[in-house]
Amino acid sequence: MKIGFTPAQEQFRHEVATWLTEQLAGPYADLRGVSSHTAMVERRRVWEAELGRARLSSVGWPVEWGGRGASLAEQVIFAEEYARAKAPARLNHLGVELLAPTLLTYGTEAQKQRFLEPILMGKEIWCQGYSEPNAGSDLANVATRARLESGPNGDEWVIDGQKIWTSLAAFSDWIFVLCRTEEGSRGNRGLSYLLVPMNQPGITVRPIREMTGHAEFNETFFTGARTAAANIVGAPGEGWKVAMATLAFERGVSTLAQQMDFTNEFDTLVAAAQANGQALDPVIRQRIAEASIGLAVMRYSALRMLTNAESGALSHEAYTYRLYWGVWRKKLGELAMDVLGPAGEYAHSDVPAIHDLQHMFLFSRSDTIYGGTSQIQRNQIAERALGLPKEPRGI
Amino acid sequence: MKIGFTPAQEQFRHEVATWLTEQLAGPYADLRGVSSHTAMVERRRVWEAELGRARLSSVGWPVEWGGRGASLAEQVIFAEEYARAKAPARLNHLGVELLAPTLLTYGTEAQKQRFLEPILMGKEIWCQGYSEPNAGSDLANVATRARLESGPNGDEWVIDGQKIWTSLAAFSDWIFVLCRTEEGSRGNRGLSYLLVPMNQPGITVRPIREMTGHAEFNETFFTGARTAAANIVGAPGEGWKVAMATLAFERGVSTLAQQMDFTNEFDTLVAAAQANGQALDPVIRQRIAEASIGLAVMRYSALRMLTNAESGALSHEAYTYRLYWGVWRKKLGELAMDVLGPAGEYAHSDVPAIHDLQHMFLFSRSDTIYGGTSQIQRNQIAERALGLPKEPRGI
Amino acid sequence: MQFAFTDEQLMIRESARTFLDAEAALPAVRAVSATSFGYDAHLWQQMTQELGWSAIAIPEVYGGAGLGFVELAILAHEQGRRLLPSPFFATVCLAAPVIMQLGREEQKAQWLSAIAGGSLKAALALSNQAGHADIGRVASTLTRSGADWVLSGEAHFVVSAADADLLLVVARVQETGVKETAVAPSVRVVAVSPKASGVRLQMTEMLDVTRPMSSVAFDQVAVRADALLGLDVDASAGLQRALDQARVVLSAEAVGGAEYSLEAVTAYVKERVQFGRAIGSFQAIKHRLADSMVLVEAAKSMAWYAACAADESTDQDLAMAASQAKSCCADAFNAVAANAIQLHGGIGFTWDHHAHLYFKRARASSMLLGSPAWHRERVACGLGLGSISSALQF
Amino acid sequence: MQFAFTDEQLMIRESARTFLDAEAALPAVRAVSATSFGYDAHLWQQMTQELGWSAIAIPEVYGGAGLGFVELAILAHEQGRRLLPSPFFATVCLAAPVIMQLGREEQKAQWLSAIAGGSLKAALALSNQAGHADIGRVASTLTRSGADWVLSGEAHFVVSAADADLLLVVARVQETGVKETAVAPSVRVVAVSPKASGVRLQMTEMLDVTRPMSSVAFDQVAVRADALLGLDVDASAGLQRALDQARVVLSAEAVGGAEYSLEAVTAYVKERVQFGRAIGSFQAIKHRLADSMVLVEAAKSMAWYAACAADESTDQDLAMAASQAKSCCADAFNAVAANAIQLHGGIGFTWDHHAHLYFKRARASSMLLGSPAWHRERVACGLGLGSISSALQF
């Protein structure tokens, strides 16, 4: 157990930092500090391609697929430097961080050939179609149907139903969708994992305005939407297994990038407290210190989790991680507003820090809801990690 | 709605205060400030009798049974003055506050004649036999059995089983016991509510040492213990109903006395904080203020509850009260220890405040357990006050 | 001592609830929030002229009903349940008590009668740019100009000021030629017309859209001597009492919001099915709602007591009760409204759902007239814990 | 960067757990707590002489195994699981690091070798009567007496001092004829024999019976110049590092206690039946245990990182990590142990049950070497929030 980096790793850090600084001071200066997931989409596509060419789109991927086969330590370094350079939020993070590892594990050779390179180069942006209005916490309750039909373009899946909370859907090229492909099946059986092109008449996207005032999520409607029969990951009926694997990748190296965002938010908060004098309030100081402990905990829990993931089974800290950060960030949001005081109540502040912290405060209310509520997380911890009896399903 | 008292009520306050001051400066000076429920038992019996003679044992009782038929406001005044005078903890509080109202509601005329006066005069001290090792949260799981037998002394109930957490059992004269009187019955059916003399060979009391180091509770074993057939409150099989009524009296005026204890504890804590300088720590100040809010909340919730109780049904605040004070006092204990700092870690402090606060801290851990854990309390609030679905029993 | 509503009080509550259930449904609240002054003038007319809400706590001699803060709190509680945007708080619960405490007889006769009759809307300009509720930190000053005065400075977070007929401005007296000393400066409240020369008023868009606020700047505004509330003596004590009374009403309003928030989410979890069961049958949900209910009931006890204190108690006891209530009720509303979002799941996070409106109002109310932490510090002082030169500012 | 135990570290943990499972069952712990010095001397001999625990982090040149704080933390974690009373913390985790940081070569050679070999038990006398862990607040003073020194004053909460062979005493230098100034006084650490004339030691009975403490009074104790650790220069920096290292180990020990506490109550709720179900099947219980597990895992991440920092980081980075860990792990242990009492129900509240021993240890450890609040304030300073003249004292 060691926290320091080797000279070779520090050399890698230097290389990455230099490259990022050059890009973001030069041709991509307009993208520096762009943190919104919905802003400057076209420019960020170009940036994704730039990363891909530099083999920095996903340094952990195998070399044959355009990565660098980087070690965990190097991935940590990349995430740190990416954040430090204030490089823009990754446009295709669902493709890079969730779908690509899923394809690397469950995809056919043809699927890897077809999909990985466009992901890497930012040519095809992906979104995720899991939740439905009646399949929120109870994800296995998916009702969106797909059936295989023969037609002029060969066999195709035809999809009908509705997905919700599909972030990025408005400008995604593809969506990975959990569908019910066995008629009459219930629960997590009879589901399949399909890859569906977004740009077709059978798909309609409707933005959902959230309490932040922005529309970061969407509803996505499928009305006879189509995709080629080959665009299924895993066998028909194996969708649940594949979807769960995808979710598990949320606990992967993408957590490092997320943590860097958290660190930036924390730093913004500290700066705001210093600016308005709240940093000298002993009560606020206790809470800021507590938040800093949470940051440290998340960092080292993620490293434990990633190290342990290399050896297979999901370890204890991996079960607790999702719940921990959701609760932490919600508290950070409350702290931020207490630091801002009444000035934080203005809807449109000229001060970027106030705007960012407000948005974080409001958005963080969903951090204990999406991707499995805190209640669901606690169930999973209790049942899977502590071995307590399962919750009875209703009758 | 009014918080002030009338001149007549203030006159009553003056009378009570004068009497208590005279007694506790004079003949009962040795009892002033005695707060332990197990200390100076014989002297406190004498004190109970003194209260009884002055018709101050339970001012709210009807005049015919030795009370004063006092209004709620007067009962509030009595509780306040009793605490202010640092009069000793009531030895027979289970008799006065729980059993007597139960008898007044469900007892036969003969039972009232037989039992009320000795309770009032401190001649017969009572304890409560509800919980069992396997009937804790699940009180309806009572296994202690009683059967009616004919014998030389006429018909008698013969009781076998074990009760636990019987406070005061070591010096009580009587116990009210929830027993299973219908063989083969389950749950809350087939139970009866019996009054049993403690001083008999069929009863053995074994103290339980708690984490405080003291033994404030006991185990009480029944091995062919006997009581007259007439010593049943309500009909055979109605025990659950009567026992629940007794528990409801815990939400009665006895809460006022308890609140005065809380106020004394809070004052001790504040004095300790002032003495060691912690009162100037802004973080501690916030927590002390918070605790003072809790005290105010409890006082006014109790008044709402008692006012509403006069009109019948248990109101919302009555459901929440038990949980509120348990949680509040546990927090007060933690605050007390944080105020004391390392000095609070000495097991035997010469400083009475430190000793009292330590004991409160440790004892308060049981405040969310006995008489229904916080978990049970939350179930009841959710199901009875909010109307949410009931928890399924196991199969 | 009688800690329950009288029959008359119950009737007031009942009729208010019936009225607001009909008139202040959520879509209506959203709609009026978007209008220029952020409230429904017609509804306000009904409240004042038909229902007599603005008169309820004003003495009979000024044309009021002569009741007190318990009744005001009841009405605020009911409006809180519906997040009703209206000048009620600013005019009736904040400005009227200030006039009551500080006004000369002829001022009371003039203004309180007009408020009671519904023809006057008033607002109190107190807070500085940071939103401090401390009287000692006001950012407006009065300087003498012969027998009259000149008002300069600014005030922020002024509730319902945009179309008020009268501004009551809290200002420090700045004696010309006298340096500011360590002694707290003397404070006056002056009545200013929003249309007076030198007054600039700007509405500010808030996260909580249901309580409009403005910033006001005063640039050498001429103030006649008789525009001073009361005589030319320090107004702090009377102002403090009026502020504490307003805090009590605000607390009751918060309790109303919390209560409604809890009722709505309780109804939702009984209907919403996941895993083949109403989610309200899961203990995790039940216990969170039970905890919310504990908070609501605690806040009620605290708020109603404080309402009594606003009528009956000494300044010092009221200050304690008001700060305890403000802290307790604000914390409860924040927690209950947050929990309601959580238990609604994704839908509770959307703009079109009501949950965020309550959540935002809860926080906005927390910050108005002193944050929970500020009030707890005030309670600590009141408990005799001594004074600290605290960095606590809100 | 490698954030997982090496095979060697896993082996150390495994063998420690096996040993302690066999030797430090709860009845044994209770029994030794009641003995005169509060620990099992035979077990201590095994730990030091057979298992080499006291040598593990001592450099090879002084007869140690040359490993570091990660390994010490592993051993402390395992002892924490069992609440094992032993001189391990005082001697190996507190005194040895102080000697390492401050000692002259010959002192290290003498004392570290003896500690490694198990022949020397040492204790650090630091805290004043109030239990402050601040170096600046020590209640012992050194005055010069020719080339030598005289030690006077007192120390409290001195862990495992009762039969220590060596006391390391932190004292302020009081220059004769020089008034105390605002400048922090210079601090030294001196080695004193508990048997020296003028040393009076008294064991103090603690709520936590598993970690014996003493108060020590120094009445004009003659101290030779060569009993000073290091040279006659301020010892603060080195002492601070050693204290931070000890705090890290203490944090790992707390994590062990929390971990065991959670395991035990988890096993209990799987067995205990109420309402016809194992109570562990109720969501209320499951979620409370899930929350406990979140705390335990968070504390682990923090503690192991801090253990690395104790070996690898600069003083400043270590100070931050140590304070974060001390606060985080203490809070976690307190909460988890409290929750364990709650979920055991009545039985968990009895003297004979183990739950209260963990609960009391948790709080006692919180108060040792700085409370959670004290450490958070230290973190706040470290984050650059500026310094406040805080009333925070613990």
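Bear in mind that the values here come from a model prediction, so they are computed numbers and not experimental data. Protein chains get the first letters and strands the later ones, always in sequence-line order, with residue 1 at the start of each.
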Colleague: Could you walk me through whether L388(A) and F282(D) pass the side-chain contact (heavy atoms from CB on, under 4.5 Å) check?
Modeller: CA-CA 9 Å; L388(A) 292 169; F282(D) 287 103; over 6 Å; no

Colleague: So which bits of residues 5-15 of chain D come within less than 4.5 Å of chain A, counting non-hydrogen atoms only?
Modeller: F5(D), T6(D), Q9(D)

Colleague: Using the side-chain contact (heavy atoms from CB on, under 4.5 Å) rule, take L385(D) and L280(A) through it: C-alpha gap first, then chi angles, then the decisive distance, then the call.
Modeller: CA-CA 7 Å; L385(D) 296 189; L280(A) 296 176; over 6 Å; no

Colleague: Under 4.5 Å, heavy atom to heavy atom: which of residues 320-329 of chain D reach chain A? Give them by number, or say none.
Modeller: Q324(D), S327(D), C328(D)

Colleague: So for Q9(A), is it side chain, backbone, both, or neither that comes closer than 4.5 Å to the heavy atoms of chain D?
Modeller: side chain

Colleague: Among L323(A), T320(A), V327(A), which residue satisfies the side chain to side chain contact (heavy atoms under 4.5 Å, CB included) criterion with D291(D)?
Modeller: L323(A)

Colleague: Could you look at V70(D) and say if it's the side chain, the backbone, both or neither that has a heavy atom under 4.5 Å from chain A?
Modeller: side chain

Colleague: Report the distance from atom CD1 of I293(A) to atom CG of D331(D), rounding to the nearest 0.5 Å.
Modeller: 7.5 Å

Colleague: Are the side chains of M1(A) and W304(D) in contact, using a 4.5 Å heavy-atom criterion?
Modeller: yes

Colleague: Nearest 0.5 Å, what's the CD1-CG distance between I285(D) and L386(A)?
Modeller: 12.5 Å

Colleague: Would a 4.5 Å heavy-atom cut-off, applied to side chains only, mark S313(D) and I3(A) as touching?
Modeller: yes

Colleague: To check you understand the geometry: which heavy-atom pair defines the closest contact between A298(D) and Y324(A), and what is its length?
Modeller: CB-CE1, 3.6 Å

Colleague: Can you tell me how far apart OH (Y321(A)) and CD (E297(D)) are? Round to the nearest 0.5 Å.
Modeller: 14.0 Å

Colleague: Between P389(A) and K286(D), what is the shortest heavy-atom contact and its length?
Modeller: O-NZ, 2.8 Å

Colleague: Do E377(D) side-chain atoms and P282(A) backbone N/O form a donor-acceptor pair below 3.5 Å?
Modeller: no

Colleague: Side chain, backbone, both or neither: which part of D311(D) has a heavy atom under 4.5 Å from chain A?
Modeller: neither

Colleague: For atom NZ of K270(D), decide whether the heavy atoms of other residues, nucleotides or ligands shown that lie under 6.0 angstrom number more than 12.
Modeller: yes

Colleague: Could you give the distance from CE (M298(A)) to CE (M302(D)), rounded to the nearest 0.5 Å?
Modeller: 12.0 Å

Colleague: By a 4.5 Å heavy-atom criterion (distance strictly below it), what part of V269(D) contacts chain A: side chain, backbone, both, or neither?
Modeller: side chain

Colleague: Name the member of A273(A), A296(A), A73(A), S292(A) that forms the most heavy-atom pairs with chain D at distances under 4.5 Å.
Modeller: S292(A)

Colleague: Would you find a donor on one side and an acceptor on the other, under 3.5 Å apart, between the side chain of R285(A) and the backbone of V379(D)?
Modeller: no

Colleague: Taking K300(D) for the side chain and S301(A) for the main chain, is one N or O donor matched with an acceptor at less than 3.5 Å?
Modeller: no

Colleague: What are the two closest heavy atoms between T307(A) and Q2(D), and how far apart are they?
Modeller: CG2-NE2, 3.8 Å

Colleague: Which region of Q274(A), side chain (C-beta onward) or backbone (N, CA, C, O), has a non-hydrogen atom less than 4.5 Å from a non-hydrogen atom of chain D, or is it both or neither?
Modeller: side chain

Colleague: Please report the closest heavy-atom contact between F3(D) and Y300(A), naming both atoms and the distance.
Modeller: CE2-O, 3.4 Å

Colleague: Using a 4.5 Å cut-off on heavy atoms from C-beta on, say whether the side chain of R376(D) contacts that of E290(A).
Modeller: yes

Colleague: Is a donor on one side and an acceptor on the other found under 3.5 Å between the side chain of R378(A) and the backbone of Q283(D)?
Modeller: no

